[in-house]
Amino acid sequence: MPVGQDGGVGKTTSPAFSPARLAEARRAAGLSNAQLADAIGVRRQEVVRWQSLTAPRTPRPQLQLRLAEALGVKVTDLVEPEDLTLVSLRRERGLRQVDLAELAGLPRSTVQALESGKIAALRPEHAQLLAGALQTSVRAVARAHEVGVARAQNPPAGRP
């Protein structure tokens, strides 16, 4: 069964995922919606939905990673630059929260609270653990956390 038929998509747009950047990357790669769908093992309609500007759906992290690979880009190329958060850094690696928690040696509840901005002060030791697990710099983790906290305190217009 194609992934899109068994719940391979989220119900709403992720704060970081950009339907417009996905469409742009697909066109730049010279692929039709059907070709991209075949390349990652989903139905064409799922690819169309992910690119919709009026009612977008968000592919799950593993599918975002497969999309990026099929398009020859990084997952972060499929998000708006100012929207890079801990969630988008995690998704760039194709990880779920539980995977990141395990790799970083942190409780999942801590990862969830950091991603949602509920923990406003990022501890240096948590930043180091997350940076190692995400294969990025401590500075990138700290900046992504700051964006998440700011978003939690002041959600952008049109976003919950």
Side-chain angles (χ1 to χ4, degrees), residues 3 7-29 40 46-160:
V3 176
V9 297
K11 293 183 180 176
T12 60
T13 300
S14 160
F17 184 77
S18 171
R21 290 179 68 118
L22 172 59
E24 180 182 307
R26 180 188 54 77
R27 286 190 297 271
I40 65 168
E46 294 302 332
V47 173
V48 171
R49 286 182 186 140
W50 296 334
Q51 297 171 86
S52 170
L53 296 178
T54 57
R57 306 266 305 210
T58 300
R60 298 207 186 277
Q62 296 86 348
L63 287 174
Q64 289 182 26
L65 184 61
R66 287 174 27 205
L67 279 167
E69 289 171 353
L71 296 168
V73 300
K74 296 188 303 185
V75 172
T76 52
D77 293 331
L78 302 177
V79 301
E80 297 299 333
E82 65 274 5
D83 282 345
L84 291 180
T85 62
L86 288 175
V87 172
S88 54
L89 291 177
R90 172 174 55 80
R91 288 181 175 170
E92 180 177 292
R93 296 284 175 220
L95 300 173
R96 299 171 300 158
Q97 277 184 347
V98 67
D99 301 326
L100 177 56
E102 185 176 315
L103 286 170
L106 293 170
R108 181 177 179 202
S109 59
T110 299
V111 172
Q112 183 177 29
L114 287 166
E115 286 186 352
S116 68
K118 290 181 181 175
I119 295 178
L122 178 63
R123 298 167 102 184
E125 60 271 22
H126 289 172
Q128 288 182 329
L129 291 169
L130 289 169
L134 293 167
Q135 300 176 344
T136 192
S137 69
V138 170
R139 183 176 179 184
V141 167
R143 177 65 188 133
H145 179 256
E146 288 172 7
V147 170
V149 169
R151 182 173 296 131
Q153 294 172 350
N154 301 301
R159 292 189 181 155

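On a predicted model such as this, the values are computed, not experimentally measured, just so you know. Note that these values count all heavy atoms, side chains included, but never hydrogens, waters or copies made by symmetry.
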For [X] against [Y], the heavy-atom pair lying closest together:
X: Ala68; Y: Lys74; result: CB-C, 3.8 Å
X: Thr85; Y: Ala144; result: C-CB, 3.4 Å
X: Leu122; Y: Ala127; result: CD2-CB, 3.7 Å

What is the distance from atom [atom1] of [X] to atom [atom2] of [Y], rounded to the nearest 0.5 Å?
X: Gln97; Y: Ser116; atom1: CD; atom2: OG; value: 8.5 Å
X: Asp77; Y: Arg21; atom1: CG; atom2: CZ; value: 6.0 Å
X: Leu130; Y: Leu103; atom1: CG; atom2: CG; value: 10.5 Å
X: Leu67; Y: Ile40; atom1: CG; atom2: CD1; value: 4.0 Å

Non-neighbouring partners of [X] that pass side chain to side chain contact (heavy atoms under 4.5 Å, CB included), sequence neighbours left out:
X: Gln62; result: Arg60, Arg96
X: Ser137; result: Arg139, Ala140
X: Ala113; result: Lys118, Ile119
X: Ala29; result: Leu31, Leu71

Please answer whether the main-chain N or O of [Y] pairs with a side-chain N or O of [X] as donor and acceptor at a distance below 3.5 Å.
X: Thr110; Y: Leu106; value: no
X: Asn154; Y: Arg151; value: no
X: Glu92; Y: Val75; value: no
X: Arg108; Y: Ala101; value: no
X: Arg57; Y: Arg49; value: no
X: Gln135; Y: Ala131; value: no

Original post:
Under a 4.5 Å cut-off applied to non-hydrogen side-chain atoms, are Arg91 and Leu65 in contact?
Top reply: no

**OP:** Report the residues that fulfil salt bridge (Lys or Arg N to Asp or Glu O under 4.0 Å) with Arg123, sequence neighbours left out, ordered by chain and then residue number.
**Re:** Glu125

Subject >> Test salt bridge (Lys or Arg N to Asp or Glu O under 4.0 Å) applied to Glu102 - qualifying residues, sequence neighbours left out >> reply: none

Original post:
For Val141 and Leu86, what are the C-alpha separation, side-chain angles and deciding distance, and is it a side-chain contact (heavy atoms from CB on, under 4.5 Å)?
Top reply: CA-CA 7 Å; Val141 167; Leu86 288 175; 3.9 Å; yes

**OP:** Please name all residues satisfying side chain to side chain donor-acceptor pair (under 3.5 Å) with Glu146, sequence neighbours left out, ordered by chain then number.
**Re:** Arg143

Original post:
Could you go step by step and tell me if Glu115 and Leu100 meet the side-chain contact (heavy atoms from CB on, under 4.5 Å) rule?
Top reply: CA-CA 11 Å; Glu115 286 186 352; Leu100 177 56; 4.2 Å; yes

Subject >> Among Leu22, Leu78, Thr58, side chain to side chain contact (heavy atoms under 4.5 Å, CB included) partner for Trp50 >> reply: Leu22

Original post:
Can you tell which of Glu46, Arg27, Arg26 makes a side chain to side chain donor-acceptor pair (under 3.5 Å) with Gln51?
Top reply: Arg26

